[in-house]
*Asks:* 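Pasting a structure here, questions to come.
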Amino acid sequence: MLNLGLDILGLARFQFGMTTVFHFFFVPFSIGLAFVVAVMETMYAIKGDEDYKKMAQFWGKMFLYSFAVGVVTGIIQEFQFGMNWSEYSRFMGDIFGAPLAIEALAAFFMESTFIGMWMFTWDRFNKWVHTLFIWLVMFGSSLSALWILAANSFMQNPLGYIINQQTGHVQMVSFGAVLSNPQLWSEFPHVIFGAFVTASFVIAGCAAWRLLKKDHVTFYRKSLNVALVIGLIFSLGSIASGDIQSRYLINNQPMKFAAMEGLYKDSTNKGEWSMVAGFDNKQHKTTWSVDVPYVLNLLSYHKTTGTIKGMNTINKELHAKYDKKYGNDINYYVPTKTLFWSFRIMSGAGALFALLAIVGLFFNRKKSQLIMNQRWFLYIMGLCLWLPFVVNTAGWFITEFGRYPWVVYGLLTIADAVSPNVSVASLLTSNIVYFLMFAGMGLVMIVLCHRTLKAGPDTENTDGYAAGDTDLDPYSKGAFNHD
């Protein structure tokens, strides 16, 4: 085989990263859409306005698409634990197995069961009972996220375990400690709020494109309004929860926090915060920066005084702590540029979302036609439907790259977690296959959503084409008559 400079560890990391990023395109979108659709159907149940029912049914189609793709990519992701990360699976099986089993047997079971009941029973239950179904779907989706994040939080901050002296693997001694992990409860609200923001601004963006074409104006203006109200509330919630999470990292994962702020040297009491900066990662120094005094302290401690350890100091502390066990050749520096810019993309987008929601709600006031005359704003809103996916990816870059070189912080390195029996050829082949498959699924998802939007809210069926004679009850005797 040609020497392409490829190695097993790099290919295994790329494959899992590719799968995780693609899967995480759809997880927040799916959770958020379940919530927004539930709000729309609740408004229908309260007000009896058929427009809200039509909104729940219409945007619910996109929810079903995202749910289906999310399930497929999630299955592929879980298979990789045995394929490429068998040493990790052996080491973490006792911890990782319990949350994943509960997620599959309880949360996912609830979610998938009530999705079916919600899809096929619009005219078979009282509107309040039917509304309950979509809320249970949303609750199940959120529970799934909780159990997955419980496992991920252990990898970030191991608690409630001992090391089995015979196997050398972690063994759970307190499920309560795993579930009450402070990392989990700083991370979970931020992920869920981000999911609600994602769905809100995707719906708002889609509605904006249709309003530019003056298509079903009343329907899309109502959709835009609901989406922007939810988007504003949870944009502010994401900013607040993100602040809590980042402050938690100061002591829990100081290297991650220092990289997010681009600090190679310890900060001074003046607390200069770098708006933008350049870095020399080989020399471990900042080459240039545009700084604002005291802002770093305000963000970190909510006061004007205080200092933050830089990466050079933290690197020395980590070597002193772990060299005896892991040797002195481990690099504890995380990808500074990736974390620094990802953090600014994420936090800047949060503020932008809140601003867009405020301006959009002002333009879209009831009995005002102002929104229809602000085509520049509709174009911006339409383009911003892609931004939440970028922001979510940036957030996961921070979460996962920020614990390098650990796959389980302080207990198992990434290099020690990879499967010993995989080859460069098999990993390269599976990387290519997965990439093509993910690209195909993504294209199908985009095409289906585009067809749904183009067909409009008056379409009864779920494939995005015109309705035709689809009024036959699928459960009636006539449905089985092929004459």
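All residue numbers in this chain count up from 1 along the given sequence.
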*Asks:* Are Ile414 and Tyr404 close enough that some pair of their side-chain heavy atoms sits under 4.5 Å apart?
*Replies:*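 Side chain of Ile414 against side chain of Tyr404, heavy atoms only: contact under 4.5 Å found.
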*Asks:* Who pairs with Asp215 by salt bridge (charged side-chain N to carboxylate O under 4.0 Å, His left out), at least two apart in sequence or on another chain?
*Replies:*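 Partners of Asp215 under the salt bridge (charged side-chain N to carboxylate O under 4.0 Å, His left out) test: Arg210.
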*Asks:* Quick one: side-chain contact (heavy atoms from CB on, under 4.5 Å) partners of Asn84, sequence neighbours excluded?
*Replies:*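 Per chain and number, Asn84 pairs via side-chain contact (heavy atoms from CB on, under 4.5 Å) with Ala12, Gln15, Gln80, Val422, Leu427.
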*Asks:* Is there a side-chain contact between Phe438 and Thr19, using heavy atoms and a 4.5 Å cut-off?
*Replies:*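 In contact.
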*Asks:* Take atom CZ in Phe435; do more than 12 heavy atoms of anything else shown fall under 6.0 Å from it?
*Replies:*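 Result for CZ/Phe435: open.
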*Asks:* Has Asn126 got more than 12 heavy atoms of other residues, nucleotides or ligands less than 6.0 Å from its CG?
*Replies:*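 More than 12 within 6.0 Å, yes.
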*Asks:* With rounding to the nearest 0.5 angstrom, report the CZ to CZ distance, Arg365 to Phe363.
*Replies:*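 Interatomic distance, Arg365 CZ to Phe363 CZ, rounded to 0.5 Å: 9.0 Å.
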*Asks:* With side chains defined as the heavy atoms from C-beta onward, is the minimum distance between Glu272 and Leu296 less than 4.5 Å?
*Replies:*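 Sidechains of Leu296 and Glu272: no contact.
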*Asks:* Tell me every residue that passes side chain to side chain donor-acceptor pair (under 3.5 Å) with Ser153, counting only those two or more places apart in sequence or in another chain.
*Replies:*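 Partners of Ser153 under the side chain to side chain donor-acceptor pair (under 3.5 Å) test: Glu187.
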*Asks:* With the side chain counted from C-beta on, respond yes when Leu385 and Ile203 share a heavy-atom pair under 4.5 Å apart, and no when they do not.
*Replies:*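 Counting from C-beta outward, Leu385 and Ile203 never come under 4.5 Å.
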*Asks:* The criterion is side chain to side chain donor-acceptor pair (under 3.5 Å); which residues satisfy it with Ser241, sequence neighbours excluded?
*Replies:*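 Testing Ser241 for side chain to side chain donor-acceptor pair (under 3.5 Å), a comparison that skips the adjacent residues, returns His190.
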*Asks:* So how far is it from Leu146 CG to Ser141 OG, rounded to the nearest 0.5 Å?
*Replies:*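 Answer rounded to 0.5 Å: 12.5 Å.
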*Asks:* Just by distance, no angles: are the side chains of Asp243 and Tyr248 close enough, under 3.5 Å, to form a donor-acceptor pair?
*Replies:*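 No, Tyr248 and Asp243 have no side-chain donor paired with an acceptor closer than 3.5 Å.
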*Asks:* Is the shortest side-chain heavy-atom distance between Ile250 and Tyr301 below 4.5 Å?
*Replies:*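 The answer is yes, as the side chains (C-beta and beyond) meet within the 4.5 Å cut-off.
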*Asks:* ring-ring contact (aromatic ring centres under 6.0 Å, His included) with Phe139: which residues, sequence neighbours excluded?
*Replies:*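 None.
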*Asks:* Is there any salt bridge (Lys or Arg N to Asp or Glu O under 4.0 Å) pair reaching into residues 220-238, and which pairs are they, with sequence neighbours excluded?
*Replies:*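 Output for this query lists Asp49-Lys222, Asp51-Lys222.
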*Asks:* Counting only pairs under 3.5 Å, give me each side-chain donor-acceptor contact of residues 343-362, with atom names and distances, residues two or more places apart or in other chains.
*Replies:*
unit_1, atom_1, unit_2, atom_2, d
Arg344, NE, Ser274, O, 3.2
Arg344, NE, Met275, O, 3.2
Arg344, NH1, Met260, O, 2.8
Arg344, NH1, Phe340, O, 3.2
Arg344, NH2, Glu261, OE1, 3.1
Arg344, NH2, Ser274, O, 2.8
Ser347, OG, Phe343, O, 2.8

*Asks:* For Lys256 and Val334, run side-chain contact (heavy atoms from CB on, under 4.5 Å): C-alpha distance rounded to whole Å, both residues' side-chain angles, the deciding distance at 0.1 Å, then the answer.
*Replies:* CA-CA 7 Å; Lys256 179 187 290 188; Val334 298; 5.8 Å; no
*Asks:* Less than 4.5 Å apart, any side-chain heavy atom of Gln156 and any of Tyr409?
*Replies:*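 Result no, sub-4.5 Å side-chain heavy-atom pair not found.
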*Asks:* Which residues satisfy the ring-ring contact (aromatic ring centres under 6.0 Å, His included) test with Phe14, sequence neighbours excluded?
*Replies:*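 For Phe14 there are no ring-ring contact (aromatic ring centres under 6.0 Å, His included) partners, ignoring immediate neighbours.
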*Asks:* Once side-chain contact (heavy atoms from CB on, under 4.5 Å) is applied, do any residues pair with Leu100, and if so which ones, sequence neighbours excluded?
*Replies:*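 By the side-chain contact (heavy atoms from CB on, under 4.5 Å) rule, Leu100 matches Glu78, Phe96, Ile148.
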*Asks:* Quick check: do Phe22 and Tyr434 have side-chain heavy atoms less than 4.5 Å from each other?
*Replies:*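 A side-chain contact is absent here, since even the closest heavy-atom pair is not under 4.5 Å.
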*Asks:* Please check if the distance between the ring centroids of Phe133 and Phe125 is under 6.0 Å.
*Replies:*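 Ring-ring flag for Phe133/Phe125: true, centres closer than 6.0 Å.
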*Asks:* Is there side-chain contact between Gln57 and Lys53, with at least one heavy-atom pair below 4.5 Å?
*Replies:*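 Yes. Closest side-chain heavy atoms under 4.5 Å.
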*Asks:* Are there over 12 heavy-atom neighbours, none belonging to Trp128, within less than 6.0 Å of that residue's CH2?
*Replies:*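 Yes, CH2 of Trp128 has more than 12 neighbouring heavy atoms, counting only those of other groups under 6.0 Å.
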*Asks:* Between Phe29 and Phe389, is the gap from one ring center to the other below 6.0 Å?
*Replies:*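 Aromatic pair counts; centres sit under 6.0 Å.
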*Asks:* Do you know which of His450, Met445, Arg451 makes side-chain contact (heavy atoms from CB on, under 4.5 Å) with Val447?
*Replies:*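 Of the listed residues His450, Met445, Arg451, the side-chain contact (heavy atoms from CB on, under 4.5 Å) partner of Val447 is Arg451.
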*Asks:* Kindly write out the residues that satisfy side-chain contact (heavy atoms from CB on, under 4.5 Å) with Thr131, not counting sequence neighbours, or none if the list is empty.
*Replies:*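 Counting only residues at least two positions away or on another chain, Thr131 forms a side-chain contact (heavy atoms from CB on, under 4.5 Å) with Glu41, Thr42, Ala45, Trp135.
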*Asks:* In Å, rounded to the nearest 0.5 Å, how long is the span from OG1 of Thr287 to CG of Asp280?
*Replies:*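 Going from the OG1 atom of Thr287 to the CG atom of Asp280 covers 7.0 Å.
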*Asks:* Under the criterion side-chain contact (heavy atoms from CB on, under 4.5 Å), I'd like the reasoning laid out for Leu378 against Trp209: C-alpha separation, chi angles, the key distance, then a yes or no.
*Replies:* CA-CA 7 Å; Leu378 293 176; Trp209 286 119; over 6 Å; no
*Asks:* Please verify the inter-ring angle class for Phe63 with Phe67; under 30° counts as parallel, over 60° as perpendicular, anything in between as tilted.
*Replies:*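 Answer is tilted, since the angle falls between 30° and 60°.
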*Asks:* Under 6.0 Å from the six-membered ring centre of Tyr44 and within 45° of its axis: does the NZ or CZ of Lys127 meet both?
*Replies:*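 Judged by the rule, Lys127 and Tyr44 form a cation-pi pair.
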*Asks:* With rounding to the nearest 0.5 Å, note down the distance linking CZ in Phe196 to OG in Ser142.
*Replies:*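 Answer for the CZ-OG pair, Phe196 versus Ser142, is 5.0 Å.
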*Asks:* If we ignore angles and hydrogens, is there a donor and acceptor under 3.5 Å between the side chains of Ser144 and Glu103?
*Replies:*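 Their side chains do contain a donor-acceptor pair, which is all the 3.5 Å distance test asks for.
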*Asks:* Using the salt bridge (charged side-chain N to carboxylate O under 4.0 Å, His left out) criterion, which residues pair with Glu400? Sequence neighbours excluded.
*Replies:*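 Salt bridge (charged side-chain N to carboxylate O under 4.0 Å, His left out) check on Glu400 returns Arg403.
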*Asks:* Should the pair Phe219 and His216 be assigned to parallel (<30°), tilted (30 to 60°) or perpendicular (>60°) ring geometry?
*Replies:*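 Aromatic pair Phe219/His216 classed perpendicular.
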*Asks:* Are Phe16 and Phe81 close enough that their ring centres sit under 6.0 Å apart?
*Replies:*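 Phe16 vs Phe81: aromatic centres under 6.0 Å.
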*Asks:* Once you round to the nearest 0.5 Å, how far does OG1 of Thr20 lie from CZ of Phe24?
*Replies:*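 Taking OG1 in Thr20 and CZ in Phe24, the distance rounds to 10.0 Å.
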*Asks:* Identify, with sequence neighbours excluded, every residue that meets side-chain contact (heavy atoms from CB on, under 4.5 Å) alongside Val21.
*Replies:*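 In terms of side-chain contact (heavy atoms from CB on, under 4.5 Å), with neighbours along the sequence ignored, Val21 is linked to Phe25, Thr393, Phe397.
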*Asks:* Please work out which of the three classes, parallel, tilted or perpendicular, describes the rings of His130 and Trp122, given edges at 30° and 60°.
*Replies:*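 Tilted, since the angle between the ring planes falls between 30° and 60°.
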*Asks:* So, Tyr220 and Asn225: side-chain donor and acceptor under 3.5 Å apart, yes or no?
*Replies:*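 Judged by distance alone, the side chains do not pair up.
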*Asks:* As a test of understanding, state which of Val36, Leu33, Leu232 forms a side-chain contact (heavy atoms from CB on, under 4.5 Å) with Ser200.
*Replies:*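 Filter result, single survivor: Val36.
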*Asks:* To the nearest 0.5 Å, what is the distance between CG (Asn364) and CD (Gln369)?
*Replies:*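 Taking CG in Asn364 and CD in Gln369, the distance rounds to 9.5 Å.
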